[in-house]
Protein chains: 2
Amino acid sequence: MPTPSRTSLTEIVSAARAIVESEGLDGLTMQKVASVVGVRAPSLYKHVSGRGELIKLIAEVTVEELSMTLESASRGSDLRVNLDAMARAFREFAHRRPESYRLVFAPTSDEWRPDPAVLAAAVRPVVETAGGLAGSQHGLEAARLVTAWAHGFVTMELAGAFRMEGDIDSAFYFGIERIGASLESARDSVG
Amino acid sequence: MPTPSRTSLTEIVSAARAIVESEGLDGLTMQKVASVVGVRAPSLYKHVSGRGELIKLIAEVTVEELSMTLESASRGSDLRVNLDAMARAFREFAHRRPESYRLVFAPTSDEWRPDPAVLAAAVRPVVETAGGLAGSQHGLEAARLVTAWAHGFVTMELAGAFRMEGDIDSAFYFGIERIGASLESARDSVG
DNA sequence: ACCTGAACACCGTTCAAGT
DNA sequence: ACCTGAACACCGTTCAAGT
């Protein structure tokens, strides 16, 4: 006879997120997820096509959270202040959820890749702020400069590539200051 | 009685590299490596402590290659030209060896992390060029701005995050041009 | 209609036994 | 002194059988 599902997709994804964050991607096994939501591994396949899709869903939820963080950091009226606040919020987010953040841009297979529309939505506040600074004809290019730098910085930081001498914080502030200035001066050059 | 080894560490690492490049990191199994070098999987453990160390060794070889590429791209006398050439060489390298490149800054566990000294050596030409532009008191910060941007850009590109509208090449050239300009103007500001 | 045990095809790694 | 088969402890995924 018909029986109601003992778990749900949302429950599964949030259990998976917690596991990734605490044990890393390698620690994410179907059996662990199943045991957290109180079911056996094969039952997960009623809700999710496999481990790959589960990873993609985690990445998408993470991007959506990041998106909200960036949006609420860029509500001021001064574009340079907004850019600075977004950069700091971006970095703090990555520090808070390093393992989830990692897999947003780490997808080696198509299956893991978050929906491009979700990514595009997250970048929207960056496009607005960076585009406002650089002039709208360079909006997308400016946004890509900012996001590439921010993503590269936190990725290298999380990977431990900055172990050497020097103050990491000051390198971050130097970066955002120089990028902000260079976008403003792009507005003045070629119309 | 003593018997000579039927393979070597170099042979193993280069077989592993080829597998990673053609089948991705997930395709790298000890059994495939073993069969390429003509041995059974357990024998690999005479040369390597495990799959993790093998991954680390691939990352280090890749960084060394990248290092040479950057060095030979920055031998001119004009710093802005050198910066441009290094950025292009960096991007081309990542396009040529996407799978190997990916795992340089992807290490989730300490075991996979390339030796910091190897990384530092690879960044040296960037520190020289960027530091020459921005002034030596900002050398390290400037190098981190450049490498973070370049790494972030190619990572996002490889991950397919730039699927949307817009010309990716022009975004790359915009980025390097703006960064070069902003480093030059950093030299003039605070002494 | 969901859940499960059992099974399949893999992994990485260890180790005693061969040569 | 290296190499190997066999074994161990895992994986993800499938599927027939339960309820």
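Within every chain, numbering begins at 1; the chains are lettered A, B, ... in the order of the sequence lines, protein sequences first and strands thereafter. Owing to the predicted nature of the structure, the values given are computational and were not obtained by experimental measurement.
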Completion exercise
Closest of D:dC3, D:dC11, C:dG12 to the B:Met30 side chain is C:dG12
Completion exercise
Answer for the Watson-Crick or wobble partner of C:dC2, both distances under 3.5 Å, is D:dG18
Completion exercise
Winner on side-chain proximity to B:Val39, out of D:dT4, C:dT14, D:dC15, is D:dT4
Fill in the blank from the handout: Rounded to whole Å, the NZ-C1' distance (B:Lys32 to C:dC10) equals 11 Å
Practice task
For the pair A:Phe153 and A:Trp149, name the ring-plane relationship: parallel under 30°, tilted 30 to 60°, perpendicular over 60°.
Solution key: tilted
Fill in the blank from the handout: Between B:Leu183 and the options B:Leu79, B:Val146, B:Thr129, the side chain to side chain contact (heavy atoms under 4.5 Å, CB included) test singles out B:Val146
Practice task
For the residue pair A:Ser74 and A:Glu128, confirm or rule out a side-chain donor-acceptor distance under 3.5 Å.
Solution key: no
Practice task
May I ask you to verify if any side-chain N or O of B:Ser43 is less than 4.0 angstrom from the OP1 or OP2 atom of D:dC2?
Solution key: no
Completion exercise
To the nearest angstrom, the CG-C1' distance between A:Leu54 and D:dT13 comes to 14 Å
Fill in the blank from the handout: Walking DNA chain D from its 5' end, the first of B:Ala41 and A:Gly50 to be reached, judged by nearest nucleotide, is B:Ala41
Handout entry: Proximity to the side chain of A:Pro42 - top-ranked nucleotide from C:dT4, D:dA6, C:dC2
Key = C:dT4
Exercise for the section: Provide, to the nearest angstrom, the distance between the CG atom belonging to A:Leu44 and the P atom belonging to C:dC2. Expected result: 14 Å
Exercise for the section: Kindly indicate whether the side chain of A:Lys56, heavy atoms from C-beta on, has any atom under 4.5 Å from the side chain of A:Val118. Expected result: no
Completion exercise
Out of D:dG12, D:dC3, C:dC3, minimum distance to the side chain of A:Arg6 belongs to C:dC3
Exercise for the section: Using a 4.0 Å heavy-atom cut-off across all strands, classify A:Thr29 as base, sugar-phosphate, or nothing. Expected result: sugar-phosphate
Exercise for the section: Send over the distance from A:Arg40 CZ to D:dG12 C1', rounded to a whole Å. Expected result: 16 Å
Practice task
Report which part of the nucleic acid A:Leu28 touches: base, sugar-phosphate, or nothing (heavy-atom distance under 4.0 Å, all strands).
Solution key: sugar-phosphate
Handout entry: Nucleotide nearest B:Arg51 when distance is taken to its side chain, options C:dC11, D:dC3, C:dT13
Key = C:dT13
Handout entry: Spacing of A:Ile12 atom CD1 relative to D:dG12 atom P, expressed in whole Å
Key = 14 Å
Practice task
Let me know the distance between CD of B:Glu111 and P of C:dG12, rounded to the nearest Å.
Solution key: 13 Å
Exercise for the section: Let me know the distance between CD of A:Glu23 and C1' of D:dC11, rounded to the nearest Å. Expected result: 15 Å
Problem - Complementary nucleotide for D:dC8 - Watson-Crick or wobble, under 3.5 Å - result: C:dG12
Fill in the blank from the handout: From CG of B:Asp26 across to C1' of D:dG12 the rounded distance in Å is 12 Å
Practice task
Establish, yes or no, whether a centroid distance under 6.0 Å links the rings of A:Phe90 and A:Tyr101.
Solution key: yes
